[in-house]
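The shown structure was predicted, so the numbers you read here are calculated from the model rather than taken from an experiment.
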Amino acid sequence: MKEFNVNIREEMTFYGVENTPLQHLLSIITGNLDSGISGNLAGIGIRRLAEMSEYEIMDFGISKKAAQRIVASFGLIGHYLKTKDEEQFVVRSPEDCSKLFDDIKWKQQEHFVVAYLDTKNKVISKKTLFIGTLNASIVHPRDVFREAVRLNAASFVCSHNHPSSDTRPSREDIEVTKRLADAGKMVGIELLDHIIIGSSGYVSLKEKGYV
């Protein structure tokens, strides 16, 4: 077993991970999975394997710890692909913004998320900065612009969700937007829009005249 794992690690190093069979990658991920079991898992197909729970994987005769490693590996891939897709996203309109922040509309708590853009309005990074009720004392421009400067962003868009699904802007929403817009003009990193999003749709504060 030990010799088998050593050999396939050498194989991966020599040929590259993209040329290493799934069966052998599974052996490396789990640490001590024998070739028979890893072959059975590989045989069900990578798409099906990626959708399986740890308990379904355990039915193939491996330990819970090994199954968790496989699930975590696919979870890591999912995070990578999601980030890669976001970083290819170009913001041209409020509708684009709503698509970019669609993942927070079902959250049960308010999430304030900022997407930082380059000079062509392509997303450099998207980051959740605050969780909780939005107000001016929590959402401070310095936290927003510290990240913008670090990323050398040209502009940014932000969004927060309303769990109630009522997307009408509150006084606090408007105040936060104006503070960020004013600060952006001072430092030369423009706020392009602030989207309030909920299960019923979205509202652009730029379209409302607050940006």
Mind running side chain to side chain contact (heavy atoms under 4.5 Å, CB included) on Val157 and Asn121 for me, showing each step along the way?
CA-CA 10 Å; Val157 291; Asn121 286 8; over 6 Å; no
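- Taking a 6.0 Å sphere around CD of Glu51, one finds it holds more than 12 heavy atoms contributed by other residues, nucleotides or ligands.
- For the residue pair Asp173 and His162, the shortest heavy atom distance occurs at OD2-NE2, 3.2 Å.
- The shortest side-chain heavy-atom distance between Ile57 and Ile62 falls under the 4.5 Å cut-off.
- Salt bridge present: Glu147 and Lys127 bring a charged side-chain N and a carboxylate O closer than 4.0 Å.
- Closest non-hydrogen pair, Pro141 versus Leu180, comes out as CA-CD2, 4.0 Å.
- Criterion: ILVMFWY side-chain heavy atoms under 4.5 Å apart, direct or through other members. Under it, Val187 and Leu191 are part of a common hydrophobic cluster.
- Linking ILVMFWY residues whenever their side-chain heavy atoms come closer than 4.5 Å, directly or via other members, places Val149 and Leu151 in the same cluster.
- Closest approach of Ser200 and Ser165 over heavy atoms only: OG-O, 2.6 Å.
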For Val113 and His160, what are the C-alpha separation, side-chain angles and deciding distance, and is it a side chain to side chain contact (heavy atoms under 4.5 Å, CB included)?
CA-CA 6 Å; Val113 185; His160 76 282; over 6 Å; no
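- No donor-acceptor distance shorter than 3.5 angstrom exists from the side chain of Asp193 to the backbone of Ser204, with no hydrogens or angles considered.
- Electrostatic pairing of Asp182 and Arg179 does not count as a salt bridge here, judged by no charged N lying under 4.0 Å from a carboxylate O.
- A salt bridge links Arg48 with Glu56: the distance from a Lys NZ or Arg NE/NH1/NH2 to an Asp or Glu carboxylate oxygen falls below 4.0 Å.
- In this structure, SG in Cys97 is found 8.5 Å from OH in Tyr202, a value given to the nearest 0.5 Å.
- Here the closest heavy-atom approach between residue Gly198 and residue Thr167 is recorded as N-CG2, 3.6 Å.
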From CA spacing to verdict: side chain to side chain contact (heavy atoms under 4.5 Å, CB included), Ile189, Phe145:
CA-CA 8 Å; Ile189 303 174; Phe145 289 99; 4.1 Å; yes
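- Tyr116 and Phe156 have tilted rings, their planes meeting at an angle from 30° to 60° on a 0 to 90° scale.
- For CG of Asn152, the number of neighbouring non-hydrogen atoms (other residues, nucleotides, ligands) closer than 6.0 Å is 12 at most.
- Criterion: ILVMFWY side-chain heavy atoms under 4.5 Å apart, direct or through other members. Under it, Ile104 and Phe89 are part of a common hydrophobic cluster.
- Nearest heavy-atom pair across Pro163 and Glu110 is CD-CG, 3.6 Å.
- By the 4.0 Å N-to-carboxylate-O rule, Asp118 lies too far from Lys120 to be salt-bridged with it.
- Looking at every heavy atom in both residues, Ile197 comes nearest to Ser98 through CD1-O, 3.6 Å.
- Here Asp102 does not pair with Lys99 in a salt bridge; the nearest charged N to carboxylate O distance is not below 4.0 Å.
- Side-chain contact, Thr177 with His194: a donor N or O sits under 3.5 Å from an acceptor N or O.
- Side-chain atoms of Asp143 and Phe130, non-hydrogen and from C-beta on, do get closer than 4.5 Å to each other.
- With His140 contributing its side chain and Arg142 its backbone, the two residues share a donor-acceptor pair below 3.5 Å.
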Walk me through it: do Leu117 and Val123 pass the test side chain to side chain contact (heavy atoms under 4.5 Å, CB included)?
CA-CA 4 Å; Leu117 314 176; Val123 176; 3.7 Å; yes
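- In this structure, the separation between NE2 on His111 and CG on Asn161 is 7.0 Å, given to the nearest 0.5 Å.
- One finds no salt bridge joining Lys178 and Glu175 here, because no Lys/Arg side-chain nitrogen approaches an Asp/Glu carboxylate oxygen to under 4.0 Å.
- Gln108 places a side-chain N or O within donor-acceptor distance of the main-chain N or O of Trp106, the cut-off being under 3.5 Å.
- If you chain together hydrophobic residues whose side chains sit under 4.5 Å apart, Met58 and Ile70 never meet in one group.
- The distance from atom CG of Asp166 to atom OG of Ser199, rounded to the nearest 0.5 Å, is 10.0 Å.
- Electrostatic pairing of Lys126 and Asp103 counts as a salt bridge here, judged by a charged N lying under 4.0 Å from a carboxylate O.
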